Amino acid sequence: MAERSLKPSWLRWVWRVAALKNGFKDATAYRIEFLFEVLGAAVVPAAIQWVLWYALFKVGGMNEVAGMTYTDMVQYTLVSLLFSQVRGGDHDFELSELIRSGQLSNYLLRPVGVVEFIYIRGVAPKLFIASICLVIGMVLGLFFGFDPMRMFGAMIMALVGNIIHYQIGAALASTGFYWEEAYSVLMVKNMIVSLLSGELIPLNIFPESLQWIWKSTPFYLYVFGPVQYALGRWTHAEFFMQMGIASLWLVAGWLLVKISWGLGMRRYLSLGG
Amino acid sequence: MTSQTVIQVRDVRRSFRSPKKEEGWKGTLGLLVSPKYESHEALKGVTFNIESGSFVGLIGANGAGKTTLLKILSGLIPPSSGDAQVLGFEPFKRPIEFRQSISLVMGQKAQLWWDLPAVDAFDLIRAIYEIPTKTYRDRLGILTDLMDVKKHLNTQIRRLSLGERMKMELIGALLHWPQVIFLDEPTIGLDVLAAHKLREFLRVFNQQEKATIILTSHNMDDIERLCSRILILRSGEMIYDGPPGKLTREGELMLRVRLMQTPTSEELQAVTGLSAKSIDLKTGESAGEENEDGSDLKSIYFHVKQDQVASSLQKLMSKYQVVDMGMEEQSLEKVIQRLYEDERG
């Protein structure tokens, strides 16, 4: 008969490692698709930003925007690319689709937490990308005179941001238990994240009176925060304070997921079979 | 709960509420502005026990509540009221130990990952259930041999045929050697040989491992060959609980008669006093086969209760010349078919 594990859930690491491996294999099953996804996601936003900065500084003749020169902006754009690649993926959409289609049932009966399982499988390629971006960042750091260890800390922050992003996405995906479809909710979240994470523009160019908007969300911890630290624009003290804030967001996100999924599961219908 | 009872179901009810959309633009706008809901009671107070090591068939027409019952027993959804216990656990609480001890295979739902070969999925399942490597290899060997899919282990799931995929799904569901297995249409899409192999495996698994298996299937071959007990659901109510043989023995018999004359169904109804549904002019089980005497006289089948046989024959013989007659026990498929027809009025 079946093996029965009496270990507490958090000590059962074997399946977590296996899920990481499995997720990586799944993400890279189509090599060309994988490479295009990574490169496409990097090149397009960078090109848009470069055109914008070129228009403002070179064509428009401006010298500074919010205290940042053309060189500062280009540096920001280049380094932000590294962290944008690590920002949360689409596994919250996968959760929402699992709820809608009833395929969630396949995971609910396995002796693992479904939200964590989907995350681990989904984050596997991001960890691979993060390690490549870290090496690129450290080399860039040496070339431009930044501290490579700052890049390491910044990447840790970006990975914590990745978890927070998923927690928020998972909580929003649970609206699928009530409305059956959570796609639009997640799309709107992603659009807001694109703006408030610093992926498209540095957040310090927001008008002073509107700075509270991005400061009151955790999204700036995904890209803007890591870039600021990597480029030496945050002190170590500021970085550790921000990591403390990130930890609070992690706890809040965990609670949010626990509550939203606990309530949502009572309404799950396991449709489609 | 007695020591051998692994599944205990007491007065389980389950209803669903779903939005109702009327036709056309008015219906679309209505659904946006003020949606109307309708309730549907899928299970209406179902009660039964299942003993350890049983092989039970759960049958019923589409929408009878079979899958809902399996979902409740496996812990996917809670009952609206009543009590269900599986292996001493309340299924919907889904404690880890419960999930390690059961398996649910739904023929309509893929559990494996489409873009990966099955062997990668099985390796992940091995890790999830913490199956020791040697045990895993032994089990995988047994299962792949039995299902004859060893050569497909390294092929992407999406490139397999429906039958091969289904076999892989079953292997994935059984690798942890569950104590209770819920199978919802497991032979769907399988060819005759594959279905036979699967049935044989389930029979052996049930006997050797004393696993309790609950099987839903529209294929009465599956049910007749495997299940020592069947539960029949009709519109959410349990209408039969017992061995399949009892159902065929106690059910209607088929009185097969060949007449010199060729009366119409209406004439036969008038003579015997039986309803049109009870008289089968064309679709008897051996209709269309050539008669032993080489004649082209067609057999007529009368679905009658045991106590109606003599009187029906007497009435027929008073009006027609009977060439040949015989009694046939109805197949389970026929009995179930008639139960479904009764349901639809």
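Being a predicted model, the structure only gives us computed values, none of them experimental. Per chain, numbering begins at 1; letters A, B, ... match sequence-line order.
- Atom CE of residue B/M106 and atom CG of residue A/L109 lie 9.0 Å apart, to the nearest 0.5 angstrom.
- Closest of all the heavy-atom pairs between A/L269 and B/R14 is CD2-NH2, 3.5 Å.
- Side-chain contact between B/I125 and A/R110 is present, with at least one heavy-atom pair separated by less than 4.5 Å.
- The main-chain N or O of B/Y129 is never found under 3.5 Å from a side-chain atom of A/R12 such that the two would form a donor-acceptor pair.
- When each of B/L116, B/D120, B/L124 is checked for a side-chain contact (heavy atoms from CB on, under 4.5 Å) with A/D26, only B/L116 meets the rule.
- No more than 12 heavy atoms of other residues, nucleotides or ligands lie within 6.0 Å of CZ in A/F152, so this atom counts as exposed by the packing criterion.
- Across every non-hydrogen atom of A/L108 and B/R94, the tightest pair is O-CD, 3.5 Å.
- Here the CD1-CE distance, from B/I77 to A/M265, works out to 10.0 Å after rounding to the nearest 0.5 Å.
- Looking only at side-chain heavy atoms (C-beta outward), A/N22 and B/D123 stay at 4.5 Å or farther from each other.
- Residues of residues 113-122 of chain A that come within less than 4.5 angstrom of chain B, heavy atom to heavy atom, are A/F117, A/R121 in numerical order.
- Atom CZ of B/R158 has more than 12 heavy atoms from other residues, nucleotides or ligands within 6.0 Å.
- For B/F92, the part lying near chain A is the side chain, with the backbone staying farther off; criterion is any non-hydrogen pair under 4.5 Å.
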Can you give each donor-acceptor pair under 3.5 Å made by side-chain atoms of residues 189-198 of chain A, sequence neighbours left out, with the distance rounded to 0.1 Å?
from, atom 1, to, atom 2, distance (Å)
A/K189, NZ, A/D92, OD2, 2.5
A/K189, NZ, A/H165, NE2, 3.3
A/S194, OG, A/N190, O, 3.0
A/S197, OG, A/V193, O, 2.7
A/S197, OG, A/E199, N, 3.3

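- There is no contact between B/R17 and chain A, counting heavy-atom distances below 4.5 Å.
- The 12-atom threshold is not exceeded at CD of A/E180, counting heavy atoms of other residues, nucleotides or ligands nearer than 6.0 Å.
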